[in-house]
Q: 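Encoded as structure tokens, here's the structure I'll be asking about.
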Number of protein chains: 2
Amino acid sequence: MQVFETIGAFRAARTAYPTLGFVPTMGFLHEGHLGLVRRAKAENGAVAVSIFVNPTQFGPNEDYASYPRDPERDLALLKEAGADLAFLPTPDMLYPPGSVTRIEVGGVAEELEGQSRPGHFSGVATVVTKLFNIVQPQRAYFGQKDAQQCAVVRRFVADLDIPVEIVVCDIAREADGLARSSRNVRLTAENRQKAPALFRALQEATRLFRNGERDVDVLENAMRAVLTEAGLPDIDYATVVNADTFRREQPCSDNALALLAVRAGEVRLIDNMPL
Amino acid sequence: MQVFETIGAFRAARTAYPTLGFVPTMGFLHEGHLGLVRRAKAENGAVAVSIFVNPTQFGPNEDYASYPRDPERDLALLKEAGADLAFLPTPDMLYPPGSVTRIEVGGVAEELEGQSRPGHFSGVATVVTKLFNIVQPQRAYFGQKDAQQCAVVRRFVADLDIPVEIVVCDIAREADGLARSSRNVRLTAENRQKAPALFRALQEATRLFRNGERDVDVLENAMRAVLTEAGLPDIDYATVVNADTFRREQPCSDNALALLAVRAGEVRLIDNMPL
């Protein structure tokens, strides 16, 4: 595996690969990321992975500074997973003085996370576009855990005619159901025990939906009850939306997605499940 | 020369060309455009030209509907100039229902035209990015007549790491100095006679600058006097800016650019000259 820290060096090495899969990450890799890397390797012959904690997708009161980082461990895991190229730029390289361009996405980007985290998806869209232009992959791999991010990426890739195929992979979970996330390491022991309640709440919504329930209020209240009972009452949102538009519909459509964002101490957890 | 009306057909044909120069245009081609095509051909071996009057870069009270169009004549001229691929998409193809992504450029895009034409440069940046992603050229050619547009394109291409080299070509002028523009055909006979005053105003600013004048008020007033005396008093701006930032500096720097935007009846004329 070759490791690059500058845009120019990466671009020069990239020319050796006729087709390339790409996995953009913020590092502190877990099984979810590694599954993306292995699939990208299988489907493309060669894989590039970026590790970059992107400052422009964090709000001023969010966890940019405390986001977990361990590039040495990440590189060892990537080598083992079969990555060919690792790209670790610095914020100064991607945002040199004088940078003034942002990509703004409407529609799906304006719901839920778009309201909880103003500017977040603009930061995501801008950095992903930049990385696509540097890496120039045929396919890029994203995890369904960030369901709305996946929808936003598909949206701007289509809108800007970016020649990259977007592949979305299932959520990797711990044995107790907690969705794998780099932020899980920051949970206290107590909150780590409570955290699987997100998965249970989503399962409860799924059970009700499969029994014919289409009243969004009922589905939302059922999820809230599970979370509150488990000691996680600080709920950012617990809702059911149309999986294409991320808009709440009452009654919910058959194409429904349950979504949660919950604060557990310092950590904001998200999870989702198609109903 | 092959002519394409859909994105898919263009993309399929594009793969036959290892390197490609690109000239994005709004059609109704003149000698300025054809000079770009010939230079792109000489420097790249093959050239693609797009003809697309982009609705998103026109304001609600601007001349989108009346912008001159003549695709048959354009195609004949392009063939003669040596173009290999012509791409003529429709607005529906580039902006299908549900499109919600825009590229917003700050800094240089916020001055002059950015103030006279709100949303204009966002429309330009978005369509040029889309065309670059479809055409995937190595180099793209723009005319210096749209000096600020050239600066905006260079800015977002750098900011988004778009792998396209931007080449800016000199202004093509009529024998009497009027900058070639598709809009010139819409000038009345009377205004066509007055229009070379823009060139003369810029020449006067150049003469003063070369004699050591650095007071921007003096340079601006001299240009205004030439325009008003010629019967073109409806001046949107007549100014001298820093050629990198497009900001007015008093006194002006050595890296100065004189810029004009003047209304002659229904037609808004622009022109510029490095001092």
Side-chain angles (χ1 to χ4, degrees), chain A residues 6-8 10-12 14-15 18 50 52 56 87 89 93-111 114 119 121-138 151-164 244-246, chain B residues 6-8 10-12 14-15 18 50 52 56 87 89 93-111 114 119 121-138 151-164 244-246:
Chain A
T6 71
I7 296 171
F10 183 91
R11 281 197 204 272
R14 193 260 167 269
T15 60
S50 63
F52 180 63
T56 71
F87 179 46
M93 274 173 220
L94 288 192
Y95 305 107
S99 302
V100 289
T101 306
R102 282 183 80 89
I103 295 179
E104 298 289 344
V105 190
V108 66
E110 291 168 345
E111 312 294 332
F121 283 131
S122 173
V124 169
T126 305
V127 79
V128 170
T129 297
K130 287 169 65 70
L131 290 170
F132 282 1
N133 282 328
I134 295 165
V135 175
Q136 294 184 253
Q138 274 65 45
V152 170
V153 170
R154 283 189 196 281
R155 184 70 258 165
F156 74 76
V157 163
D159 287 352
L160 297 179
D161 302 291
I162 296 174
V164 176
D244 291 327
T245 62
F246 282 71
Chain B
T6 70
I7 296 171
F10 182 90
R11 282 197 203 273
R14 194 260 168 269
T15 60
S50 63
F52 180 63
T56 71
F87 180 45
M93 274 175 220
L94 289 192
Y95 305 106
S99 302
V100 289
T101 305
R102 282 184 80 90
I103 295 178
E104 298 289 345
V105 189
V108 65
E110 292 168 344
E111 312 294 330
F121 284 129
S122 174
V124 169
T126 305
V127 80
V128 170
T129 297
K130 286 167 66 69
L131 291 169
F132 282 1
N133 282 327
I134 295 165
V135 176
Q136 295 183 251
Q138 274 65 45
V152 170
V153 170
R154 282 189 197 281
R155 184 72 258 166
F156 73 75
V157 164
D159 287 352
L160 297 179
D161 303 292
I162 296 174
V164 177
D244 291 326
T245 62
F246 282 72

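Quantities reported herein were computed from a predicted structural model and do not represent experimental measurements. So you know, we letter chains A, B, ... as the sequences are listed, proteins then strands, and number each from 1. Just the heavy atoms: all of them, side chains too, but no hydrogens, waters or symmetry mates, feed the values below.
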Q: Keeping A:D159 on the side-chain end and B:V100 on the backbone end, is there a donor-acceptor pair under 3.5 Å?
A: yes
Q: What's the separation between atom CG in A:L160 and atom OG1 in B:T101, rounded to the nearest 0.5 Å?
A: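 Answer for the CG-OG1 pair, A:L160 versus B:T101, is 5.5 Å.
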Q: Given that the side chain runs from C-beta out, which part of A:L131 has a heavy atom under 4.5 Å from chain B: side chain, backbone, both or neither?
A: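 No part of A:L131 comes within 4.5 Å of chain B.
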Q: Can you tell me how far apart CD1 (A:I103) and CZ (B:R102) are? Round to the nearest 0.5 Å.
A: 12.5 Å
Q: Would you say the side chain of A:E104 lies within less than 4.5 Å of the side chain of B:S122, judging by non-hydrogen atoms?
A: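 Of all side-chain heavy-atom pairs linking A:E104 with B:S122, none is under 4.5 Å.
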Q: Measuring only between side-chain heavy atoms, which start at C-beta, is A:T129 closer than 4.5 Å to B:T129?
A: no
Q: What part of B:Q136 gets within 4.5 angstrom of chain A, counting heavy atoms only: side chain, backbone, both, or neither?
A: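 Contact with chain A is through the side chain of B:Q136 alone.
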Q: Kindly indicate whether the side chain of A:R11, heavy atoms from C-beta on, has any atom under 4.5 Å from the side chain of B:D161.
A: yes
Q: Kindly write out the residues that satisfy side chain to side chain donor-acceptor pair (under 3.5 Å) with B:N133, not counting sequence neighbours, or none if the list is empty.
A: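 Not a single residue meets the side chain to side chain donor-acceptor pair (under 3.5 Å) criterion with B:N133.
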